[in-house]
Structures are given as structure tokens and as C-alpha cells.
Q: 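Please see the structure below; I have some questions.
Each chain gets a letter, A, B and so on, in the order its sequence line appears, and its residues count up from 1.
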Amino acid sequence: MPSAEQNTLEHFLDAARRRANQGMAITGASIGLAVAAFLTIVGWPIRDGLGPLLLLGALAGVGGGLRWALLRRASRRSVAVQIESRVPACRNLLVTASELLAGSRVDPYVAALVYEQAAALMESLALPAVLPNRAALQRLMLAAAVWGSAVTWRATHAEQADVMAAQSGPPAITDVTVVITPPAYLKLAARTLNNPGRIEAVAGSRLSITVNARAAAVQLETLAERSSLARSGKAFVGSATVTADGFIAFEPAGGDGQLGDRRLIGLTVLADLPPTVVVRTPGRDLHFPDGARTVSIAIDANDDHGLASLKLRATTVSGSGERFSFAERDVPITITRQGAGRWTASTSWRLAALGLEPGDMVVYRAVATDHRPGATPVESDAWIVEITAPGSLAASGFAIDPEQNRYALSQQMVILKTERLLAGKARLTPEAFADSAAQIGMEQRRVRAEFVFMMGGEVDDGHGHGEEISQTELNEVAEAEGEDELAAGRLMNAGRLALIRGIRDMSRAATLLGTNEVPGALIEERKALAQIEQAFSHSRIILRALTQRESLDFSRRLSGALADAASSAEAAAPPPSDAKRAATRQLLAALVALPPVPSRASIGALAEAALRIDPADARLQAIASGLTKAADDAGRGETVAAAQGLDRMTTRLSTLVGASAPRAVTAPGSGESRRLRGSLADGPRAPTSRQP
Amino acid sequence: MTPRRWLRTVAILIALLGFLDPSVPTQRFARAEVRVVATNSDRDALLVASVVRRLSGAFRVVVGEAGMSDATILVGDRLPRAVEAIRGPLVAVMPSRSTPWLAIEHVAVPSGALRDERVDVTAQLRVVGAKGRAVNVALQDGAHVVARTSVTPATADERLAVALPYVATKVDAVRLRIVAEVGSAAATAADLLVEVRDTRRDVLAFDLRPSWQATFVRRALEADARLAVTSRVVASPGITRSRGSSPTALTDPATIARHEVLVIGAPGLLSEREVAAIEGFLRERGGRVVLLLEAPPAGPLLGLVGGSAWRQDSSGRVVDLAADSSLGRLRGASFLFPARLPRGAEVIAWAGEGRPAIWRRPVGDGEVVVVGALDSWQRRAPTESDFGRFWPALVAGLAASAPPPIEIGLSQTVLQPGDSTRLTVTLRDIAAGRGSDASVAARLVGTDGGRTMVRLWPGRALGTLEGTVRATTSGPGRIEVRWGADSASVPMLVDAAARSAAPGTADLVSHLVAGARGAQLSGDNLARLPDVVHKLIGADPTPERWHPMRSPWWILPFALLLATEWWLRRRAGDA
């Protein structure tokens, strides 16, 4: 069992050992910081960046301290020797005691005596005095000061070097980061793109641009403007709002005005489309004898980003003659949201609540909005519920001429009558069936005449006086005469083609009804209805309310006094030109004229030129993207990839230009063969007249 | 006998034989001269080297053009340039075709194009041994590829036509190169020249009365930048509406001769005098006339148009007019056509079985196009027909085929230095039978302005002259021909690196060899070549005395034997 002196001695030596280890750690940290200071000054392995440099110093200091503390860990004997060397009065007593503690075999009384005297000696020893750390701490402070100075110098030096490089080296863009923030109303998250070749963003999005460049300044250029990016630290920052297709180009400039290679990024604007809304059920006009009815209505609405509202709006038209009254109201509907952009709605609409009288009508349509600020609500096709007056035929809107016998037959009514005739064919004699078909044919021609009048055309097509209208043809001559007005944009020509087709279908239907080919006539009648609905699907009510014809420019008609007629001569017309085609061809010429290994700047300029021709043309956008990639390849020195990319884009552009170009004609045969053919064709026949 | 003695004995024997110099009688061939002619030296260089190596042991071999020699070895699958110079026995060594092999046999391209036109370059390829493998064909303009396509042969030996569109980017003679390759296994190329001109075709639209058909046809023509349309519409007697410097009447052939195409509306109103002038325009000018009929032709017009038993179909049934796809599609319901077409007529568009709606017939050097589609203008909407494309394409094609005053043809426009090309000049007026005192001169004009006279000789046909142009200096040049006040020129290019399309004439080579009673060998079976050549030369081996000991090489074994014997003696301690 160890004696009390032995325990005291052990505690003393252990404490001394810990203190010695602390001193070693402090010394190690000093050496580590000194090494870190040296590396910082040398610039290896880190040249710049305050954070990395501080980390390097911390690691070096901690590493050095740990290394010294662990590898030079003091033992009881070594610390005893260390104390003995500092306090000669110990006379080897502590060393002997430490050896005895380590297990040296001696007589017990000798060991007890040594422990006793050593314990007595310890009473007079103070560890801070015999094992001082002040010098080690001073070295640590010195090393830290040197290291701190080195870090400060390096950071300052690197920044100066950057500035120097920016002002003296060739300007270049190293990195572009674009943060796309969609318009707030879309509630979409921002996206970050690094070095994008093309940006696709919803109209109204904001682009936050950060450009890292070795340059004194960076210019931002779009189709609309050119501005400078602001310097922020080492980067250049700016922003832009996406409004139209185009591009963003960055151009670095050195301190001496030298320009670097431009960086081109294509810009495609994705429009936030308006919603579409359709009244799916009933999807047709309704005619009731009284107002005690319930109408089931189903509505579909869609939007690309999300709907904001959906309503069913109704206008009640009451009265007659010139005393019409209108009442607007919203009809309650039940909306089912199948997604942000897809809503459906339904309702069972009780008409009795409207108090409709015979002759009244209700015009209803669905109205939808999306979240675009200030956007006009989108309406569906409008449909009618009409309470028919007793004894009257179903009117087709309140623009119908009072002469109902002449005009009050809609195309739908003609179809209905034809269907009824076919259904009742078995009950009719052939003569009666033919008479009825002819009657419907006459009504069909009246409807056709209504539309021809509406378009400003002539009813009499010149096939003979007294003939009401042509059975088979629209008056093409009259139509051709109106072509000048069409070309000049003076006519309301939206849907005109569909109307012409519809009128032709009506003509064919009338002809077939006249020849008793009723099933074929029904097909033509339905085709005519489809064309007319297509032409006026969004303005059916306006069509019916249209009270004046399209205005015609009579000064352009062949009319006037005969005496005023005179010959006219005009200069030869210049060749028609197409600016976009010419620009595309010029771009192709510039591409072909490039050397086999062109510079990055020359390819980039052509990419920009492609976007300038028509920023919204997807084919040119793709070509511009391909050229930008080829330019990047050329910039990296990858000449083979650049040449291949360039060839691909040249081929694509050539195809694009060639698609709209007429084909050059190969002259058939030689002159000799031409003459031979002529002689063979002449044969024995002599020329009718030949100059001698 | 010890080894030393053996060695000594053999050495003495050699010395003795050398002293005696015995002669040995033997049968040997005389050393004949054979000429190796490569028809495609670039492609067949390895084969030529192999042939030379095989023959050089037994013959004196000369590599070069065909000429006098004891035998000619033709290497390649084409006929040599100077095939007529081949003399004596002939052996053809055909390249082995076990690996993919391809050649561009022919390139078809319009001799000229207008600036706004697209040129379709059609190359005919011969592909051997590449069944099922993709053949990539590219069209290069300078350093860049402007068109590319790929075809896959279905058989082991196939001819394929490949069309590549070219869009001219400058007004000049443009050198293009077609490159065809089968992966990295085989490749070939051919150069061609396309001349792009900045001119417009001259068209006169003359309406003898206003008509919708003529109006809309004229509008379609005016919308095409290739056509310079001059027009006159006779609205009523004494009142006309004209655009450009159009003639007041069609009675003067000289006035209308400056146009290439006449488009005549309401031709039924043409007087006899006008018909005569138009016929003169056709026969002497070689012009083109489009007649937009409104009624069956009669009187002098019928004599010009031809055809018999004219009928009109106005059933109202709308039909598509079947025409060449390059023209597009017309639609109509009312047609005028003859039951029997005149001699030499070709139908451009049918309105149904036996109903030619638009057709052409040659008249002298010219051509008249008769249009019996009366109401196609009513269906001119782009969604309904190709009305807006049909008429410009038709009229531009007619204008392109109208002969110029001087027509120049070169059999080959891209040459290597030393090559020759055949020049053909056709003088339109002379060919049409009109005499002239003006002299004709043809020159080759180089880039440096240097002019070389090209001698012309009367050709086979009236008004045709022929000559030979020899390419001497490299670079682009032009062949200029002047005749009185008229002149014309065509481009040519001389380049040592130029590659030209050439048809594979392997069949002709086979016939040539058979006609010369020669032999044909495959390139991968050359072991028999010396024997075949010997056999064809026909010289029997002659007895010849041979002195084998006169070879200086005997000194080597003699010295070796004596040195070995001496070394053995030293080793044994005897020396």
C-alpha cells in the first residue's frame, strides 16, 4: 500500500507532467502558426480568400500543438529531470523518486526514505516557477502576430492583383448566374441558372444577373437597350424584366477600353395565356314555350397557370319593338377545382325566378379570369334561352329582319326541317316528299342570301336576270372584285373564308334539295352550319345585332363616267422583297464566309444576328443556341467541336432558307434537241406564216 | 574427315570452280518492258505499288500514261485518258471491292441559278460492299457543310441518287464539293461549279381584254422576285393599262423578242397578224408563250395551238389537276381541252383521264403552253391549291429554257491542270436559219486578265461551233464568247486538288480488255500477274548460258570457310 509521501509525490509529478505538456502544445501551436505564416506569404496552397487563409492558420496551429503535445509527451521521469535541471538543490532526489515510482527495486526502507525526503523537497517547489510557460506563450503570440500579418498582406495583395488583372489582362466573362423570379401573382419559386445558353421565363419575370468577369466594366445589351452592370465586390450585378423574346448579351471591357468576347444568352418569353372557358352543356340555343323550366348548365374552364374566378353571367332581354330592356345578373354555380388551372362548374338554373314572358330571351355565357393583373375576363360563346311567342317560328336572335317569312329561318332551322322530312319520308308520297324538299331548298337559298347580303356581296351572280341566286356557286367575280378591299384590310375579314365555305355548302345543299337528294343535302347543311359557327363563334350575338353592312370603298370599284376612262401606265414593279428572308440569307452568307476555325467573337456575333432577325422564331432561336455553343467550344480551344457545331448550324440555316426559296430549273436538253423536237412536231406541216 | 579438312576442301572447291568458270545452259525470258497505267492514282496508289512490285522482278516496269511498250497493265476501273494510245497486250487489274467502295459517277446541277433560287444538286453514287451501312453525303461551300444527307444501300452493288439543296449566298461562280463517305472506311469527293446570277427573267403579260384568270396569273407572277413582269391590259378599244415598257401590240416580233415568255390572256382575240408575230417569236427567238384560253381556239389561233375536237367540261365537279410535284397543285371545275393533242405535245397537268388541262407543244425552237383550266383562279386560296406557286414555277421554268443569243456548253467545268474540256457554242439566230456576217470569238480569260484564244470549229448542227479548252494555269477563269454585239460567258475552274465526278467505266474496261484479247485480274489476286503478262507477250523462253561462279557473292562463303578453318586451327594450337 503506497504511503502518503508516495501519493503526494505522484500527484506532484503528474501535475508537473501536465504543465510540461501544455508548454509543448503551446510551442507546437507556435510552430504551426509560423509554418502557416510562411505558406500564406508564399501563397501555397491558397492564394486568396480570407476564410480559407484563416482556416489554414487554425489548422496549422491546432495541428502543430497536437503534434508537439502528443509526440513529446512528458513522463514522470522526464519531468523530474527537467525540474532537477532547473533546481540543482534537488540533488537527484526527484529523479530517484520517479524511478522508484516507475518500479525500481530497492529495499523498502530506502524507498520510504527517498519518498519522505522528496515529499519534503516538494513543499518548497512551485510548479510555475520550476516549469515556466511564459516564453512559450511569448513565442505563440509572436507567431500569431506574424501569421496575422501574413494573412492581411495576402488578402490585400490578392485584391490588388485582381484589380491589376482586371485592368491589364484581356477582359473575359468567367461565369454568369441568372436568378429568374416569376411575377408575384403566379406564386412560383425563383429559379437559378448558371451559365445558361437560353432562358425561358414567363412574361413579366425579373432577371437578377450576376456576372463574374475579369474586366473593369460589363455591358448588358438586349434588343431594346444597352446598360452597364454595377460592380459589387468582384462581380457585376444587374437586373432586367422579361417582356419579349430576344437575347441578353454581356460584353466585358478592360480598363483601357479593350472589349472581350461577348456572352450571348437567348431569351424566350412564355406568355401567360388567357383562360379558356366553354359552356359544355347544353351548348346550344334553347327555345321553350314558357319560362317554367330548369336548365342544367355545365362549364369547363382552363388556364395555364391558374384560374382566379369563374362566373355564369346572364342578360335578360325583355320587351318588343323598340322597347327592349336588359337586365344583367350572375347565376349561382357550384365550382369544382380539379387543379389550379382546371375548374368545372355546374348548376340547375330555374328560369321561373327570372319571370320571363313569351318573346323574352336570356343570353348567358361563362366568364373566367386568371391572376394576371388587369387582364380582361374571358367569355365563352354566348347561348340563348328564348321563350317563344305563340304562333311564331323560332327566331334566331333579335337582329332578324321583321320580314320573318324572308329571313327568320336560321341554318339550324333548315337542318331541323330536313331532319323532320327525312324522318317522315315513309308517310309521304314521292311527289309530296319532293315538294317538301324543294320548299326546304328554297328556304336554304334564302338563308344563303342573308349571309351573302351580310358580306356585302351581290345576290344576282350574273347568270341570268330574274334568277334569285346561283344554285351552285358564290359569285366569284364579285368576290374577286372585293379582293382589293380584303388586301387593303378594309373589310372585317376575320372568318370570311369560313363564311364563304359555308355559303358554298349552302349552295350545294340547295342544289341537292332541288334534285331530291335529301340525305346528301343534310350533310351539306350541317357542314354549312359548322362553317358559320366557326366564323362567328365569339360574336354570335353581335352578328345577329349587326345592323349595317361592312363599308365598301366604292372609289375602288369599276364605276364612274365613261368619258373619264383613259389609259394608264405605271413604272415596272420592283422585285418583291421579304426582309426576314433577306436577313436570314445574309446570315447564311456570313456563316459560309467564316474561316474553318473562326474566333469565338465572330461566331457569337452571328448568334446574336440570328436572334435579331426574329427573336420569336423558334428555328432561329435553335440556330442561335447552336452557334452560341459553337462559340463557347471555340473559346475553349475545342476547334473540332466548334467546327462540327458550326457545320450543323450552317446546314440547318441553309435548309431553313432553302425551304422557302423556289427551285432553280434545269434547262431541259440542248438547243439541238429542242430544235429537233420542234421539227418533229412540225412534221410535214408548213409554218402558217414565216418571215422570209 | 575432320571439320577443318571439310572446310578447307570446300574453300578449295570454290576457288577451283571460280578458276574454271563453268557455264550452265538454261531457259530464260528476255526482259520485256511493261507500262503500268493508273486510272485513279489517288485511290489506287497501293494497288499500283503492289503491281509494280510483282512485275519488277521479271520486267522493266514504267509507270505513267499509256504509250508504246511490250504490254500495258491498266490499274483501276476507269478508262485511261489516252485510251487510244494503248498498244500491245493489255492486262487490267481491277481494284478489289471486298471493302466498302464508293464513287461519285455523276453530278447533275443547273448550269446557272438566280439569286433567290434553291439549287438541287443531285449526285449519283456507286456504292459497293456497303449493304445496310449508312453512306453520308455532304455538300460543302468553302470550309463549311451546307447540306447533308444519308442513304443506305439495300444491295452490295448499288447506284443511288442523292439530292442536296444549295442556297446561293453570293452572286458569283460558286465552287461546291460533294463528299461521300461510308463511316471511316471509304470516302470520295467531287467538285462542281454553280454560277449564280443577279438577273430576272423577262416576262410579258398581255391581256387582250380584262380577264380574271389572266389577272390572277399575272399577280402570281408579279409576286415572284425571279420574274420581271411587264404587262399590258387592253381594257377596251383604245384604253389600256400598262406596267413597265410593254409593247402596245403583239404585231412586231422584234419588239416582243426581248422577252423570254409571253403570257397572253384572252388569246381568242388575237388577230392573224399577231398570231404570225407570235409564231415568229416562237420559231426565231425560241421564245415561250403561255396562252390562257377562255374559249376553244379557232382561226389562226387554232393553227398555232393545234389539237382537234375541242371540248369544254363545265360540269361543276371540282377536280385536282395532276401536275409535276415541283409545280404544285391546281384545282378547277371548268376545263377546255382537245380530244386529240397535236404532234409532239406533252401534258403538264391532267384534269382526269384523257382530259389534258395544261399542255405544251414545241414550235420551232420555241414552245407554246396551252392552258385550258378556265377557273383555277377561283380556287387560288393557299389552303385550297398551289395557285400562287404553280404559275411562277411554270413560267420561270419556261423562261429558263428559252435560248439566249449565245449558248455556251462546257463538258467539264472543274479541271485539273493539263486537262481538256469540250466547248460547244450555239448561236441562236444562225441555228434558227438567219444568217449573219458577224464573227465569233472565244477566249479563256484567267483571273489575271490574261486571254487565251480558243479555236472554234463548225459543229454538227447549223449554228453550232465546237472547240477544246486546255487548262494550263490554276485558278478560276471564264470562257467568253463574242458574236457581234452579243456576248456570253461561263465559268470554269482549274485546280490541281479538284476532284471530278466520273462514271465507273468498269464495264467499258472489261470490253476494252476483251477486245484487245487481254486479261483481267482482281487486285487481290496478283500472284499470277507475271505469268499472265508473259503469256500475253507471247515470247518463249530462250536458251541462255549462265556462269554461276561469276557472282561476286562467292567471295563471302570462301572467306568465311577459310576464317573458320583458321580459327579451329588456332584453337587446337596448330597455328
Side-chain angles (χ1 to χ4, degrees), chain A residues 472-473 476-477 479-480 497 565-573 575-578 581 585-586 588-596 643 646-648 650-651 654-655 657-659 661-672 674-675 677-683 685 687-691, chain B residues 110-111 113-114 116-120 141-148 165 167 169-170 200 212 222-226 228-230 239-244 253 276 279-280 283 300 303-304 316 326 342-344 361-365 378 381 392-393 396-397 400-401 403 407 409 426 431 461 464:
Chain A
T472 57
E473 288 294 325
E476 290 286 356
V477 173
E479 175 58 21
L497 184 63
S567 295
S568 69
E570 299 173 24
S577 60
D578 182 338
R581 200 168 130 195
R585 190 182 283 266
Q586 278 180 0
L588 177 63
L591 264 177
V592 172
L594 284 176
L646 206 53
D647 278 354
R648 275 196 297 275
T650 308
T651 306
S654 179
T655 306
V657 176
R663 192 168 67 97
V665 183
T666 305
S670 64
E672 199 175 336
R674 282 196 310 266
R675 282 185 291 280
R677 284 183 59 232
S679 300
L680 289 173
D682 282 344
R685 168 181 167 273
T688 53
S689 65
R690 177 86 184 268
Q691 299 295 328
Chain B
S111 56
L114 303 183
D116 287 324
E117 288 181 328
R118 183 189 74 239
V119 178
D120 284 347
D141 180 2
H144 300 287
V145 174
V146 292
R148 190 189 292 277
V167 180
T169 54
K170 58 182 177 183
R200 300 172 73 194
W212 288 115
E222 286 173 341
D224 194 305
R226 296 174 296 171
V229 181
T230 306
I239 297 178
T240 62
R241 179 171 181 261
S242 63
R243 172 168 279 187
E279 186 159 355
R283 292 183 181 280
L304 178 67
S326 65
R343 192 187 300 123
R361 63 165 300 215
V363 178
D365 201 6
Q378 293 187 8
S401 64
E407 213 171 346
T426 304
T464 304

Q: As an exercise: rank Thr426(B), Asp120(B), Thr230(B), Asp116(B) by heavy-atom pairs under 4.5 Å with chain A and give me the winner.
A: Asp116(B)

Q: Report which part of Leu646(A) has an atom under 4.5 Å of a heavy atom belonging to chain B: side chain, backbone, both, or neither.
A: side chain

Q: Among Gly244(B), Gly344(B), Gly409(B), which residue has the highest count of heavy-atom pairs closer than 4.5 Å to chain A?
A: Gly244(B)

Q: Measure distances from Arg648(A) to the heavy atoms of chain B and classify the residue's part below 4.5 Å as side chain, backbone, both or neither.
A: neither

Q: How long is the straight-line distance from CZ of Arg200(B) back to CZ of Arg226(B), given to the nearest 0.5 Å?
A: 11.0 Å

Q: Does any heavy atom of chain B fall under 4.5 Å from the side chain of Ala566(A), the backbone, both, or neither of them?
A: backbone

Q: So how far is it from Arg677(A) CZ to Arg343(B) CZ, rounded to the nearest 0.5 Å?
A: 13.5 Å

Q: Salt bridge (charged side-chain N to carboxylate O under 4.0 Å, His left out) with Arg241(B): which residues, sequence neighbours excluded?
A: Glu570(A)

Q: Where on Leu591(A) is there a heavy atom nearer than 4.5 Å to chain B: the side chain, the backbone, both, or neither?
A: backbone

Q: Do Thr650(A) and Val592(A) touch side chain to side chain, with heavy atoms closer than 4.5 Å?
A: yes

Q: Working to the nearest 0.5 Å, report the span between OG of Ser654(A) and CZ of Arg118(B).
A: 10.0 Å

Q: What's the spacing between Asp141(B) CG and Lys170(B) NZ if we round to 0.5 Å?
A: 6.5 Å

Q: Do you know which of Asp224(B), Val229(B), Asp365(B) has the most heavy-atom pairs under 4.5 Å to chain A?
A: Asp365(B)

Q: Heavy-atom pairs under 4.5 Å with chain A are the metric here; pick the option from Ala143(B), Gly142(B), Ala113(B) that has the most.
A: Ala143(B)

Q: Which residue out of Ala147(B), Pro165(B), Pro403(B) racks up the most heavy-atom pairs below 4.5 Å with chain A?
A: Pro403(B)

Q: Looking at Val145(B), Thr169(B), Val119(B), which one has more heavy-atom pairs under 4.5 Å with chain A than the rest?
A: Val145(B)

Q: Got a sec, which residues hit side-chain hydrogen bond (donor to acceptor under 3.5 Å, both in side chains) with Thr651(A), two or more places apart in sequence or on another chain?
A: none

Q: Which one, Pro662(A), Ala593(A), Gly678(A), Ala590(A), leads in non-hydrogen pairs under 4.5 Å with chain B?
A: Pro662(A)

Q: Less than 4.5 Å to any heavy atom of chain A: does that hold for the side chain of Thr240(B), its backbone, both, or neither?
A: both

Q: Would you mind checking which part of Ala431(B) comes under 4.5 Å of any heavy atom in chain A, side chain (CB onward), backbone (N, CA, C, O), both or neither?
A: both

Q: Can you name the closest pair of heavy atoms from Leu304(B) and Arg361(B) and give their distance?
A: O-NH1, 3.0 Å

Q: Determine the minimum heavy-atom distance between Arg585(A) and Ala661(A), stating which atoms define it.
A: NH2-CB, 4.2 Å

Q: Which bit of Pro342(B) comes within less than 4.5 Å of chain A, counting heavy atoms only: side chain, backbone, both or neither?
A: neither

